[in-house]
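Computed from a predicted model, the values in this text were never measured in an experiment. In what follows, every chain begins at residue 1, and chains take the letters A, B, ... in the order their sequences are listed.
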Number of protein chains: 2
Amino acid sequence: MEQQTHLAGTVRPGGRTARVRAAVLEATQDELVEHGFHGLAMDQVAARAGVGKTTVYRRWGGPAGLVTDLMTELADRSAPHADTGSVEGDLLANAAGVLGAVADKRLGATLQAVIAAATCDEQAAAALREFYLRRVREWAKAVDLAVARGELPAGTDGMEVVRAVSAPIYYRLLVTREPVDEEVAARAVRTTLAAARAGAFVPTA
Amino acid sequence: MEQQTHLAGTVRPGGRTARVRAAVLEATQDELVEHGFHGLAMDQVAARAGVGKTTVYRRWGGPAGLVTDLMTELADRSAPHADTGSVEGDLLANAAGVLGAVADKRLGATLQAVIAAATCDEQAAAALREFYLRRVREWAKAVDLAVARGELPAGTDGMEVVRAVSAPIYYRLLVTREPVDEEVAARAVRTTLAAARAGAFVPTA
DNA sequence: CCCTTAATGGGTCGCAAGTTCCGTTAAGAT
DNA sequence: ATCTTAACGGAACTTGCGACCCATTAAGGG
């Protein structure tokens with residue numbers, strides 16, 4: 001009677017099902033590094049993971065589903081914000097983290113894939129939005145602490161400060177496609193900090 | 001003997017060839033608005049343009065070729081930088097222009113398509129890079145004038161200032177996929193200007 | 001106005017991505 | 001240990017993108 005077909009993998013998630021998922025996500029990352037999102041073929045992923053392609057189609061539906069699952073996996077592993085004692089130190093740590101993620105062969109390919117997938121798949125877009133919302137919220141705490149210490153003006157919007165540090169890095173990566181190096185990250189922190197100290201991140205100011 | 005096959009459309013560019021190009025690019029934009037880059041089918045474009053699909057494949061090769069051509073077309077129509085008399089006015093005008101382009105149904109879809117195409121096609125990436133290099137160079141003049149007027153510190157990197165205004169807008173559009181409104185544009189100008197006045201855009205400072 | 005041939009366009013074909021079918025394997029409950 | 005059935009996987013089948021062939025049209029030169 002209950003014709004409700006559970007999404008495959010939710011009723012017996014242990015043993016083989018878990019191994020298949022791990023193998024497929026691993027293979028997906030390998031494929032992304034080699035061919036990028038546009039060249040992500042379900043066929044290849046299945047073969048590399050050593051599982052049947054039917055399984056990959058059934059559980060993930062398509063390339064977008066694969067990278068979305070990958071993103072939720074990454075979201076769980078994200079680290080808490082730094083606390084070096086100064087805003088400058090914290091923001092530099094944040095910029096270094098973003099730069100590191102983007103520069104990393106495997107992680108960078110995955111991030112770009114999710115961003116690409118988000119342009120044509122609503123689930124991927126939602127996962128991406130959620131991921132960055134969490135990260136920005138987490139790091140905004142560091143800015144709030146700086147405000148509490150009196151390093152920055154009261155009322156400074158912490159989330160906007162954090163976004164301002166990442167923005168130039170992603171702008172180069174995605175729009176102008178120029179190389180992204182420490183110089184870019186350092187300038188992002190320097191300019192954001194100058195603006196924050198001047199009170200430019202205080203709303204209605 | 002001369003087996004050199006010229007790229008189709010270069011020897012007799014007048015009359016029909018020009019009409020076909022115009023119709024195809026027009027149809028491409030329509031399709032982009034409706035289905036986005038991922039759903040851009042050569043078949044559909046040809047049908048909508050009222051030309052044979054063979055022609056579209058022969059002259060543009062694929063979806064990436066279409067949007068690349070579209071981008072070179074847009075590049076020619078780009079306007080010169082504003083000159084309102086103050087940096088603030090000029091940067092606000094720039095931010096408004098970017099916001100307007102991104103918000104515009106047709107132009108916005110095209111821009112996003114080129115950005116998407118750039119992730120999997122080197123020609124599209126090059127066209128995109130070139131396009132923004134030109135635009136940034138053009139608007140950097142306004143910043144240079146401001147430096148000459150004494151509004152900003154000597155040595156301020158004009159191109160970086162212009163990039164800093166656009167970055168938050170594109171960051172939201174592509175990465176966090178939050179809505180982009182005037183508030184975002186206004187804040188981008190406000191923070192960039194504060195940083196510039198503080199000398200944060202002067203290299204080796 | 002005529003001629004050469006660049007450029008177009010309809011029709012067809014091959015291949016690879018994606019779907020369906022159904023038998024096989026092994027989770028997880030008793 | 002045994003049973004039920006969730007989940008997997010091989011193989012055949014369908015679909016549609018992109019390539020090719022060749023007849024037709026019209027640009028541009030004389």
Side-chain angles (χ1 to χ4, degrees), chain A residues 1-28 31-32 34-69 113 116-117 120-121, chain B residues 1-28 31-32 35-69 117 120-121 123:
Chain A
M1 178 123 296
E2 184 55 36
Q3 186 61 13
Q4 170 66 26
T5 301
H6 313 279
L7 281 82
T10 56
V11 179
R12 291 180 183 176
R16 181 167 61 166
T17 297
R19 280 196 303 278
V20 166
R21 184 171 115 100
V24 168
L25 293 187
E26 197 64 27
T28 299
E31 288 291 313
L32 284 177
E34 288 178 25
H35 312 295
F37 179 69
H38 78 285
L40 188 63
M42 303 295 275
D43 235 358
Q44 302 293 317
V45 171
R48 192 191 280 251
V51 304
K53 77 170 172 169
T54 309
T55 299
V56 182
Y57 276 110
R58 184 167 36 222
R59 288 187 57 182
W60 288 277
L66 282 173
V67 297
T68 301
D69 196 12
C120 63
D121 181 89
Chain B
M1 176 129 295
E2 183 56 33
Q3 186 61 14
Q4 170 67 25
T5 300
H6 313 279
L7 281 83
T10 55
V11 178
R12 292 180 184 175
R16 182 168 61 167
T17 297
R19 279 196 302 279
V20 166
R21 184 171 114 101
V24 168
L25 293 187
E26 198 65 24
T28 299
E31 288 290 314
L32 284 177
H35 312 294
F37 178 70
H38 78 285
L40 188 63
M42 302 295 274
D43 236 358
Q44 302 293 317
V45 171
R48 192 191 280 251
V51 304
K53 76 171 174 170
T54 308
T55 301
V56 182
Y57 275 111
R58 184 168 34 224
R59 289 188 56 184
W60 288 277
L66 282 173
V67 297
T68 301
D69 197 11
C120 64
D121 180 89
Q123 290 229 306

Tell me: [atom1] of [X] to [atom2] of [N], nearest whole Å?
X	N	atom1	atom2	result
A/Arg21	D/dC8	CZ	P	12 Å
A/Arg58	D/dC8	CZ	P	6 Å
A/His38	C/dA17	NE2	P	12 Å
B/Tyr57	C/dC13	OH	P	18 Å
A/Arg16	D/dA6	CZ	C1'	9 Å
A/Arg59	C/dG18	CZ	P	19 Å
A/Trp60	C/dA17	CH2	P	19 Å
A/Asp43	C/dC15	CG	C1'	12 Å

How many angstroms lie between atom [atom1] of [X] and atom [atom2] of [Y], to the nearest 0.5 angstrom?
X	Y	atom1	atom2	result
A/Asp69	A/Thr28	CG	OG1	8.5 Å
B/Thr55	B/Trp60	OG1	CH2	8.0 Å
A/Leu66	A/Phe37	CG	CZ	9.0 Å

inquiry  = Quick check on C/dG9: is either OP1 or OP2 less than 4.0 Å from any side-chain nitrogen or oxygen of B/Thr55?
reply    = yes
ask   = Can you find an N or O donor on one side and an acceptor on the other, under 3.5 Å apart, linking the side chain of B/Lys53 with the base of D/dG18?
value = yes
Minimum-distance nucleotide (side-chain atoms of [X] versus [options]):
X	options	answer
B/Val51	C/dA27, D/dA19, C/dG9	C/dG9
A/Thr54	D/dA27, C/dG18, D/dA11	D/dA11
A/Met42	C/dG18, D/dC8, D/dG18	C/dG18

key: Any donor-acceptor pair under 3.5 Å from A/Arg59 side chain to A/Thr17 backbone   = yes
ask   = So which one's nearest nucleotide on DNA chain D is more toward 5', B/Ala41 or A/Thr17?
value = A/Thr17
ask   = Taking NZ, NE, NH1 and NH2 as the nitrogens, is one of them in B/Glu26 or B/Arg21 under 4.0 Å from a carboxylate oxygen of the other?
value = no
message = Using heavy-atom distances to pick each residue's nearest nucleotide on DNA chain C, tell me which of A/Gln44 and B/Gly50 is more 5'.
response = B/Gly50
